[in-house]
Amino acid sequence: MALLPILKYPDPRLHKVAVPVAQVDDRIRQLVRDMAETMYAAPGVGLAATQVDVHERVVVIDVSEDGDDLLVLINPEITWKSDELIVFEEGCLSVPGVYDDVERAAEVKVTALNEQGQRYELEADGLLAVCIQHELDHLLGKVFVEYLSQLKQTRLKSRIKKQERDALKA
């Protein structure tokens, strides 16, 4: 297994739309293992393949307390969202150190393939529902900060540019 480099916002590759996985094979299973290892090491609760510069529809999530309940979503599709909304403070491995409130559906249903290529359906609420929506946004080329006000986005980009300049001086 290998730790994969995580793209950092505002890298334009984060905005590429992921394509469906044609076949769940050993290459995809290895990608899932590497993504899981990367997510746990970061540490995070979710990681989309887009974030590691692989533009295929693969997501790993683990919102358990002990980090021992890995959920693999290959070619995931949200088939239903509740009308009820919830606000969660979100963060992202591609936008380190930034946390802000985002409003999303309180419950979702999703269909996906597991690492054996078998289709399954999942109903989720709370943190898991939020995480699924967050990670599936990555597959569509969307980063959570795009839900924030234009002012917050501008300030964030300015702060990141300043950090990059400071890093070059060091």
Side-chain angles (χ1 to χ4, degrees), residues 3-20 31-32 34-64 67 70-78 80-108 110 112 122 124-170:
L3 290 178
L4 305 170
I6 298 172
L7 298 177
K8 302 296 185 227
Y9 180 82
D11 191 309
R13 294 171 291 179
L14 288 168
H15 299 292
K16 288 177 88 170
V17 175
V19 299
L31 174 63
V32 165
D34 291 345
M35 286 175 58
E37 183 178 359
T38 302
M39 175 189 71
Y40 288 127
V45 296
L47 187 67
T50 301
Q51 294 176 269
V52 294
D53 204 19
V54 176
H55 302 282
E56 294 180 86
R57 293 185 61 80
V58 178
V59 166
V60 294
I61 294 174
D62 189 341
V63 296
S64 69
L70 183 66
L71 177 63
V72 175
L73 300 145
I74 300 169
N75 294 340
E77 297 293 338
I78 293 175
W80 174 83
K81 290 183 180 184
S82 67
D83 291 334
E84 180 189 351
L85 301 174
I86 55 172
V87 175
F88 252 84
E89 184 180 65
E90 293 187 27
C92 181
L93 295 176
S94 291
V95 194
V98 175
Y99 302 89
D100 214 315
D101 289 342
V102 177
E103 186 176 67
R104 297 193 187 266
E107 298 176 69
V108 296
V110 69
L122 172 72
D125 60 8
L127 177 59
L128 181 56
V130 167
C131 195
I132 288 170
Q133 292 169 85
H134 176 112
E135 299 307 332
L136 269 60
D137 273 354
H138 278 299
L139 300 180
L140 298 172
K142 188 168 185 176
V143 181
F144 93 98
V145 295
E146 294 170 43
Y147 287 98
L148 307 181
S149 70
Q150 200 60 51
L151 177 63
K152 284 184 178 182
Q153 289 182 51
T154 300
R155 285 181 176 165
L156 175 60
K157 287 177 183 173
S158 296
R159 189 170 93 206
I160 290 169
K161 285 180 183 171
K162 182 183 182 319
Q163 288 170 344
E164 288 171 352
R165 283 193 306 271
D166 292 349
L168 290 174
K169 291 178 188 174

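Counting heavy atoms from C-beta outward, Leu4 and Met35 have side chains that approach closer than 4.5 Å. The shortest side-chain heavy-atom distance between Val72 and Ile74 falls under the 4.5 Å cut-off. The closest side-chain heavy-atom distance from Pro5 to Val52 is not below 4.5 Å. Contact annotation: the side chain of Asp100 approaches that of Lys152 to within less than 4.5 Å [non-hydrogen atoms, C-beta and beyond]. With a 4.5 Å cut-off on side-chain heavy atoms, Leu136 and Val59 count as touching. Considering only heavy atoms from C-beta on, Phe88 stays 4.5 Å or farther from Val102 through its side chain. Looking only at side-chain heavy atoms (C-beta outward), Trp80 and Val108 stay at 4.5 Å or farther from each other. Between Glu90 and Cys131 the shortest side-chain heavy-atom distance does not fall below 4.5 Å.
Separating the CD1 atom in Ile160 from the CD atom in Glu164 is a distance of 7.0 Å, to the nearest 0.5 Å. Considering CG of Leu139 and NE2 of His55, their distance stands at 10.5 Å, rounded to 0.5 Å. In this structure, Glu103 CD and Ile86 CD1 are separated by 9.5 Å, a value rounded to the nearest 0.5 Å. Interatomic distance, Arg13 CZ to Leu7 CG, rounded to the nearest 0.5 Å: 4.5 Å. Expressed to the nearest 0.5 Å, how far CD of Gln163 lies from CZ of Arg165 amounts to 10.5 Å. Considering CG of Leu71 and CG of Leu128, their distance stands at 6.5 Å, rounded to 0.5 Å.
Closest heavy-atom contact between Gln51 and Gly46: OE1-O, 4.4 Å. Heavy-atom minimum distance, Met39 versus Leu93: CA-CD1, 4.5 Å. Listed here is the closest heavy atom pair of Leu122 and Ile132: CD2-CD1, 3.9 Å. Between Val98 and Phe144, the shortest heavy-atom distance links the atoms O-CZ, 3.7 Å. Listed here is the closest heavy atom pair of Asp62 and Gly67: OD2-C, 3.0 Å.
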One pair to check against side-chain contact (heavy atoms from CB on, under 4.5 Å): Val63 and Ile61. What are the steps and the verdict? CA-CA 6 Å; Val63 296; Ile61 294 174; 3.9 Å; yes
**Prompt:** Please walk me through it: do Arg57 and Leu140 pass side-chain contact (heavy atoms from CB on, under 4.5 Å)?
**Reply:** CA-CA 9 Å; Arg57 293 185 61 80; Leu140 298 172; 4.2 Å; yes
Review point. Would Leu73 and Val60 count as a side-chain contact (heavy atoms from CB on, under 4.5 Å) if you check the C-alpha gap in whole Å, the side-chain angles of each, and the deciding distance to 0.1 Å?
Key: CA-CA 6 Å; Leu73 300 145; Val60 294; over 6 Å; no
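Tyr147 and Asp101 share no side-chain donor-acceptor pair at under 3.5 Å.
Of the possible donor and acceptor atoms, one in the side chain of His15 sits under 3.5 Å from a partner among the backbone N and O of Gly141. Looking at Gln133, its side chain does come within 3.5 Å of a backbone N or O of Ala105 through a donor-acceptor pair. With hydrogens and angles ignored, the 3.5 Å screen pairs no side-chain donor or acceptor of Glu107 with any backbone N or O of Ala124. Between the side chain of Thr50 and the main chain of Leu14, no donor-acceptor pair closer than 3.5 Å is present. Proximity of a side-chain donor or acceptor of Thr38 to a complementary backbone N or O of Leu3 within less than 3.5 Å is not detected.
For Lys8, the NZ atom counts as densely surrounded, since its 6.0 Å shell holds more than 12 non-hydrogen atoms of other residues, nucleotides or ligands.
The pair Arg104-Asp137 meets the salt-bridge criterion, with a side-chain N (NZ, NE, NH1 or NH2) lying under 4.0 Å from an Asp/Glu carboxylate O.
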